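Everything numeric in this text was worked out from a predicted model, so none of it was measured. For ligands, and for the atoms within them, numbers begin at 1 and follow the listed sequence.
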Amino acid sequence: MGVRAVKFGGTSLASASQIRKCMDIVQAHPDRKYVIASAPGKRSADDEKITDLLYQLYEQRSGDYAHTWSKICLRFTEIAEDLGVDASKVDSALGEIDSHLGPDTSVDYCASRGEYLNAMIIAAHLGWSFIDAAEVVRFSDSGEFLAEETNDLLGEALRTHDHAVIPGFYGATPSGEIKTFSRGGSDVTGALVARATQASVYENWTDVSGILTADPRIVDNPLPIPRISYTALRQLTYLGASVLHENAIYPVRRANIPTHIRNTNQPQDPGTWIQGEPFAGSSLADASPATPQKMIGLAGRTNCLALTVRKVQWSGSLGVGAQLLNLFDEARIAVDLVVTSVDSWTFIFRGDTSTKESVMAKIGSLDPDSMEVRENLALVGVVTTGTLPRAKTTSAINQSLAEAGIDVFLDSSAESMHVVAVDSLRYEDAVRSIYSVLT
Ligand code: ASP
């Protein structure tokens with residue numbers, strides 16, 4: 001029998017009725033042995049996420065936090081009661097947390113309690129072991145996540161439990177100080193559990209039926225992506241798609257474990273498979289350059305800047321590119337795109353006026369002939385299968401933008417990615433017109 005690591009997101013676990021759906025899913029397959037739980041999310045659009053309330057609680061910890069705390073307690077006692085979980089257990093866990101609240105409480109301790117309590121309740125409901133992530137997800141004293149130590153600790157702990165529920169999002173230092181991943185970090189814990197248990201699949205259950213080909217807030221009913229490689233997913237995420245937490249890719253990718261994104265509310269939907277490449281036996285021979293290019297998905301982001309630097313005789317002088325990029329490094333700016341022409345370099349990056357000023361001051365030391373900044377740019381990128389023929393995809397993108405009257409400030413295409421920079425005001429129009437021409 002195999003093992004599946006099964007992570008449920010906040011909306012999937014937002015209430016007792018949602019938790020019941022998840023538990024039906026868990027019980028529908030014997031391989032679903034390890035459950036990774038998020039904190040309860042929103043039950044409706046105007047509801048509050050428990051983690052957001054916990055961050056508020058942290059802000060109020062030295063003063064009057066009673067109102068926020070009572071909202072948090074009520075959510076958990078309601079869930080526990082509805083699931084038939086022993087109320088005294090939940091009350092004592094809540095009492096213990098309350099006794100820790102005060103000026104010295106850390107933000108990570110507060111934020112992590114939603115996952116802690118939810119996982120504890122779910123474990124009690126299922127009659128499974130609860131494994132506190134503080135015991136098995138390790139951070140160094142300086143707060144750096146320790147992947148190998150965690151893998152050993154998790155593997156060791158889970159070997160002794162046939163079934164367990166593990167809270168997502170946090171871990172602890174050797175001295176027991178709680179540390180969290182960044183927001184959305186339960187995805188990371190799920191991937192760590194999958195790796196440590198050598199799972200056959202990492203199931204990530206959420207509130208959408210997989211990864212969509214475009215942002216549904218911009219494009220009407222975008223198609224879901226049935227299969228995507230970890231590489232292409234990384235490209236889409238980097239371009240701005242919010243799918244999985246970035247750090248949830250590495251542990252499973254390196255262990256060659258596929259991730260399956262599925263919808264708790266529509267478990268019959270096929271969802272999205274994320275795999276290493278090439279997909280053996282799949283119709284999408286993703287890594288093969290010989291396959292025609294076909295759009296996998298598109299994503300983008302606004303608030304980008306372009307800085308063009310020029311100096312006569314720069315082209316052909318060795319070391320100029322490295323010097324310029326070093327100055328961006330010194331200004332702590334990650335460059336998203338670089339395009340060069342004769343004696344000119346254009347860098348696209350994210351930032352505001354102060355980012356712009358700090359890098360311009362640094363580049364000024366190279367005494368360029370001119371520096372020009374273009375603000376309010378958006379990047380839109382298309383990730384495709386295969387790598388050739390590129391010209392067809394590029395011309396379809398550019399033609400669709402021309403027809404929509406959208407000026408392209410710059411375009412770049414390499415390997416299986418095509419990126420255009422347009423005015424931020426036309427961002428959504430650009431996404432829609434590219435989507436319509438490539439689907
Ligand atoms: N509850 C945490 C958050 O809201 C972590 C997670 O849900 O993955 O960011």
Side-chain angles (χ1 to χ4, degrees), residues 5-15 18-19 21-22 25 34-59 68-69 71-73 75-76 79 93-94 97 105-123 130-134 136-137 139 143 145 150 154 165-172 178-195 202-208 211 233 237 241-252 259-265 274:
V6 189
K7 182 257 168 178
F8 292 100
T11 41
S12 302
L13 302 175
S15 63
Q18 281 298 100
I19 293 177
K21 282 188 200 168
C22 298
I25 290 168
Y34 301 113
V35 167
I36 300 90
S38 280
K42 292 184 180 193
R43 292 160 293 187
S44 59
D46 53 6
D47 196 12
E48 289 172 296
K49 278 179 90 161
I50 284 290
T51 310
D52 293 338
L53 287 172
L54 288 163
Y55 280 113
Q56 282 175 31
L57 185 74
Y58 169 75
E59 296 300 330
T68 308
W69 181 234
K71 283 202 263 186
I72 294 166
C73 293
R75 273 298 273 288
F76 285 108
I79 291 176
L94 289 167
I97 295 168
T105 317
S106 76
V107 61
D108 287 7
Y109 174 80
C110 281
S112 68
R113 295 304 87 186
E115 272 72 12
Y116 172 82
L117 290 161
N118 221 19
M120 205 188 73
I121 293 171
I122 292 167
F130 166 75
I131 297 185
D132 189 351
V136 287
V137 175
F139 286 79
F145 170 62
T150 298
L154 259 175
V165 183
I166 304 113
F169 188 40
Y170 73 93
I178 300 289
K179 295 278 174 198
T180 63
F181 295 112
S182 56
R183 295 298 303 261
S186 297
D187 281 344
V188 183
T189 315
L192 299 174
V193 171
R195 178 184 169 209
Y202 169 27
E203 290 186 355
N204 189 298
W205 292 83
T206 175
D207 54 0
V208 282
I211 304 172
L233 178 69
T237 311
S242 55
V243 187
L244 271 181
H245 191 292
E246 263 201 302
N247 298 339
I249 296 176
Y250 187 63
V252 273
T259 299
H260 193 186
I261 313 262
R262 303 185 68 175
N263 188 344
T264 308
N265 302 316
I274 313 166

- request: Take atom OH of Tyr250 as the centre, draw a 6.0 Å sphere, and report whether it contains more than 12 heavy atoms from other residues, nucleotides or ligands.
  value: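 Count not over threshold, so no.
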
- Query: Just checking, Arg113 and Tyr170: is the charged tip under 6.0 Å from the six-membered ring centre and within 45° of the axis?
  - Reply: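 Cation-pi check for Arg113 and Tyr170: passes.
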
Looking only at side chains, do Tyr58 and Asp108 share a donor and an acceptor under 3.5 Å apart?
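There is no such pair (donor and acceptor under 3.5 Å, judged by atom type) between the side chains of Tyr58 and Asp108.
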
- Electrostatic pair Asp47-Arg75, nearest N-O below 4.0 angstrom: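 Looking at Asp47 and Arg75, the cut-off is met.
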
Chi angles and distances behind the ring-ring contact (aromatic ring centres under 6.0 Å, His included) call for Tyr109, Tyr116: CA-CA 10 Å; Tyr109 174 80; Tyr116 172 82; 8.4 Å; no

Check: every ligand 1 N/O to protein N/O pair under 3.5 Å:
{"from": "ligand 1", "atom 1": "1 (N)", "to": "Thr51", "atom 2": "OG1", "distance (Å)": "2.7"}
{"from": "ligand 1", "atom 1": "1 (N)", "to": "Glu115", "atom 2": "OE2", "distance (Å)": "2.6"}
{"from": "ligand 1", "atom 1": "4 (O)", "to": "Lys49", "atom 2": "NZ", "distance (Å)": "3.2"}
{"from": "ligand 1", "atom 1": "4 (O)", "to": "Arg183", "atom 2": "NH2", "distance (Å)": "3.0"}
{"from": "ligand 1", "atom 1": "7 (O)", "to": "Ser38", "atom 2": "OG", "distance (Å)": "3.4"}
{"from": "ligand 1", "atom 1": "8 (O)", "to": "Gly184", "atom 2": "O", "distance (Å)": "3.3"}
{"from": "ligand 1", "atom 1": "8 (O)", "to": "Gly185", "atom 2": "N", "distance (Å)": "3.3"}
{"from": "ligand 1", "atom 1": "8 (O)", "to": "Ser186", "atom 2": "N", "distance (Å)": "2.9"}
{"from": "ligand 1", "atom 1": "8 (O)", "to": "Ser186", "atom 2": "OG", "distance (Å)": "3.1"}
{"from": "ligand 1", "atom 1": "9 (O)", "to": "Arg183", "atom 2": "NE", "distance (Å)": "2.8"}
{"from": "ligand 1", "atom 1": "9 (O)", "to": "Gly184", "atom 2": "N", "distance (Å)": "2.8"}

Between Ile274 and Ile211, is there a side-chain heavy-atom distance shorter than 4.5 Å?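 Yes - at least one pair of side-chain heavy atoms lies under 4.5 Å apart.
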
